[in-house]
Participant: 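Can you keep this structure in mind? I'll have questions shortly.
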Amino acid sequence: MVDVSRVQKELTECNRDREVSGVSITLHDGSTISHLTGTIAGPQGTPYEGGTFVIDIRLPGGYPFEPPKMQFITKVWHPNISSQNGAICLDILKDQWSPALTLKTALLSLQALLSAPAPDDPQDAVVAQQYLRDYSTFSATARYWTEAFAKNSSTGMEEKVQKLVEMGFPEDMVRSVLKSVNGDENMALEKLCSG
């Protein structure tokens with residue numbers, strides 16, 4: 001059973017200084033404490049600068065004694081994050097987790113991972129090879145993906161809302177789903193179609 005009071009305390013602590021830390025957490029659907037959504041600001045001086053990255057967080061029944069399950073929802077070009085499904089290769093989310101760590105420290109560790117990739121222990125071998133062999137192409141691709149997937153353009157968002165509403169989905173539902181997938185139109189359509 002998830003320790004509800006600890007998680008509530010962690011949410012408050014994490015969101016208290018989000019302007020400074022660049023990380024925040026909300027309830028995924030507003031009701032279940034074991035399913036959360038994290039956001040990370042792309043670190044300055046990296047190809048991810050200016051982006052907002054959304055992380056799906058699921059807390060196992062044994063949390064905080066078991067690590068949270070985290071996965072990038074926002075597509076990101078990074079050696080330690082799958083470009084296909086957002087899976088993350090980070091030791092503290094696996095065997096190096098400790099109950100002394102918090103959701104905030106996990107998100108800050110992901111933010112640090114964006115600043116300092118570990119291509120020798122990759123989640124995505126293709127990206128890792130590019131990072132090691134052709135850094136300028138890696139950096140340009142990561143910047144492009146940040147622009148395409150991690151930056152919300154309000155005009156682009158309105159066009160996406162309009163397109164999905166024209167398909168017959170209710171506008172409030174479309175806006176909510178688009179927000180939950182950080183503006184990814186294809187993921188929003190998938191979610192809307194699956195109920």
Participant: Backbone N or O of Tyr48 within a donor-acceptor pair of the His78 side chain at under 3.5 Å?
Facilitator: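 Side chain of His78 to backbone of Tyr48, a donor-acceptor pair under 3.5 Å: no, none is there.
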
Participant: Please check if the side chain of Gln111 supplies one atom and the backbone of Ala41 the other of a donor-acceptor pair under 3.5 Å.
Facilitator: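 The answer is yes, because a donor-acceptor pair under 3.5 Å joins these two groups.
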
Participant: Any side-chain heavy-atom pair from Met167 and Leu164 closer than 4.5 angstrom?
Facilitator: yes

Participant: What closest approach, in Å, do Val54 and Ser180 show between heavy atoms, and which atom pair accounts for it?
Facilitator: CG1-O, 4.2 Å

Participant: Just to verify, what does Lys163 make a salt bridge (Lys or Arg N to Asp or Glu O under 4.0 Å) with, not counting sequence neighbours?
Facilitator: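 With sequence neighbours excluded, Lys163 shows a salt bridge (Lys or Arg N to Asp or Glu O under 4.0 Å) to Glu185, given in chain and number order.
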
Participant: Is the shortest heavy-atom distance from the side chain of Leu36 to the side chain of Leu27 under 4.5 Å?
Facilitator: yes

Participant: Identify, with sequence neighbours excluded, every residue that meets salt bridge (Lys or Arg N to Asp or Glu O under 4.0 Å) alongside Glu66.
Facilitator: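 Salt bridge (Lys or Arg N to Asp or Glu O under 4.0 Å) list for Glu66, sorted by chain: empty.
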
Participant: Sequence neighbours left out, what passes side chain to side chain contact (heavy atoms under 4.5 Å, CB included) with Ser24? Give chain and number order.
Facilitator: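 Ser24: side chain to side chain contact (heavy atoms under 4.5 Å, CB included) contacts with Asn15, Arg18, Thr39.
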
Participant: In residues 87-99, what donor-acceptor pairs under 3.5 Å come from side-chain atoms, sequence neighbours left out?
Facilitator:
from: Lys94; atom 1: NZ; to: Ile88; atom 2: O; distance (Å): 2.8
from: Trp97; atom 1: NE1; to: Pro64; atom 2: O; distance (Å): 2.8
from: Ser98; atom 1: OG; to: Ala100; atom 2: N; distance (Å): 3.1

Participant: Is any side-chain heavy atom of Tyr63 closer than 4.5 Å to one of Leu103?
Facilitator: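 When only atoms from C-beta onward are counted, Tyr63 and Leu103 do touch, with a gap below 4.5 Å.
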
Participant: Are Leu114 and Ile81 side-chain neighbours, meaning at least one heavy-atom pair lies under 4.5 Å?
Facilitator: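 Answer yes - side chains close enough.
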
Participant: Drop me the distance from Ser82's OG to Lys75's NZ, to the nearest 0.5 angstrom.
Facilitator: 8.5 Å

Participant: Atom CG in Leu107, atom CG in Leu113: separation rounded to 0.5 Å?
Facilitator: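 One finds 12.0 Å between CG of Leu107 and CG of Leu113.
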
Participant: Can you tell me how far the CG atom of Leu192 sits from the OG atom of Ser176, to the nearest 0.5 Å?
Facilitator: 9.0 Å

Participant: Once salt bridge (Lys or Arg N to Asp or Glu O under 4.0 Å) is applied, what residue pairs with a partner in residues 37-62 remain, sequence neighbours excluded?
Facilitator: Asp56-Arg58

Participant: Output yes when Lys104 and Asp17 qualify as a salt bridge under the 4.0 Å nitrogen-oxygen rule, no when they do not.
Facilitator: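 Looking at Asp17 together with Lys104, the answer is yes, because their closest N to O distance falls below 4.0 Å.
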
Participant: In Å, rounded to the nearest 0.5 Å, how long is the span from CZ of Arg16 to CG of Leu11?
Facilitator: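 Rounded to the nearest 0.5 Å, the CZ-CG separation comes to 11.5 Å.
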
Participant: Is any side-chain heavy atom of Phe169 less than 4.5 Å from a side-chain heavy atom of Cys193?
Facilitator: yes

Participant: For Thr37, check side chain to side chain donor-acceptor pair (under 3.5 Å) against everything at least two apart and list the hits.
Facilitator: His28

Participant: Should the ring pair Phe138 and Tyr135 be called parallel, tilted or perpendicular, given that the plane angle runs from 0 to 90° and is split at 30 and 60?
Facilitator: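 Ring orientation of Phe138 relative to Tyr135: tilted.
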
Participant: May I ask you to test the Val126-Gln130 pair for a side-chain heavy-atom distance under 4.5 Å?
Facilitator: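 A side-chain contact under 4.5 Å is absent here.
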
Participant: Could you tell me which residues satisfy side chain to side chain contact (heavy atoms under 4.5 Å, CB included) with Gln129, sequence neighbours excluded, listed by chain and number?
Facilitator: Arg133

Participant: Backbone N or O of Gly51 within a donor-acceptor pair of the Thr146 side chain at under 3.5 Å?
Facilitator: no

Participant: Strictly distance-based, threshold 3.5 Å: is any side-chain N or O of Thr32 a donor or acceptor partner for the main-chain N or O of His35?
Facilitator: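 No.
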
Participant: Is Ile57 reachable from Ile33 through a run of hydrophobic residues whose side-chain heavy atoms are each under 4.5 Å from the next?
Facilitator: yes

Participant: Could you pull out all residues at least two apart from Gln84 that satisfy side chain to side chain donor-acceptor pair (under 3.5 Å)?
Facilitator: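 With neighbours one apart ignored, the set is empty.
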
Participant: Tell me which pairs pass side-chain hydrogen bond (donor to acceptor under 3.5 Å, both in side chains) where either residue lies in residues 114-123, with sequence neighbours left out.
Facilitator: none

Participant: Scan residues 172-181 for pairs that pass salt bridge (Lys or Arg N to Asp or Glu O under 4.0 Å), counting only residues two or more places apart or in two chains.
Facilitator: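 Output for this query lists Glu158-Arg175, Glu171-Arg175.
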
Participant: Output all residues satisfying side chain to side chain donor-acceptor pair (under 3.5 Å) with Ser136, sequence neighbours left out; order by chain, then residue number.
Facilitator: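 Expected list: Asp134.
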
Participant: Between Glu10 and Arg6, is the closest basic N to carboxylate O distance under 4.0 Å?
Facilitator: yes

Participant: Is the shortest heavy-atom distance from the side chain of Tyr131 to the side chain of Pro122 under 4.5 Å?
Facilitator: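 Result no, sub-4.5 Å side-chain heavy-atom pair not found.
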
Participant: Not counting sequence neighbours, which residues clear side chain to side chain donor-acceptor pair (under 3.5 Å) with Thr105? List them please.
Facilitator: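 By the side chain to side chain donor-acceptor pair (under 3.5 Å) rule, Thr105 matches Thr102.
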
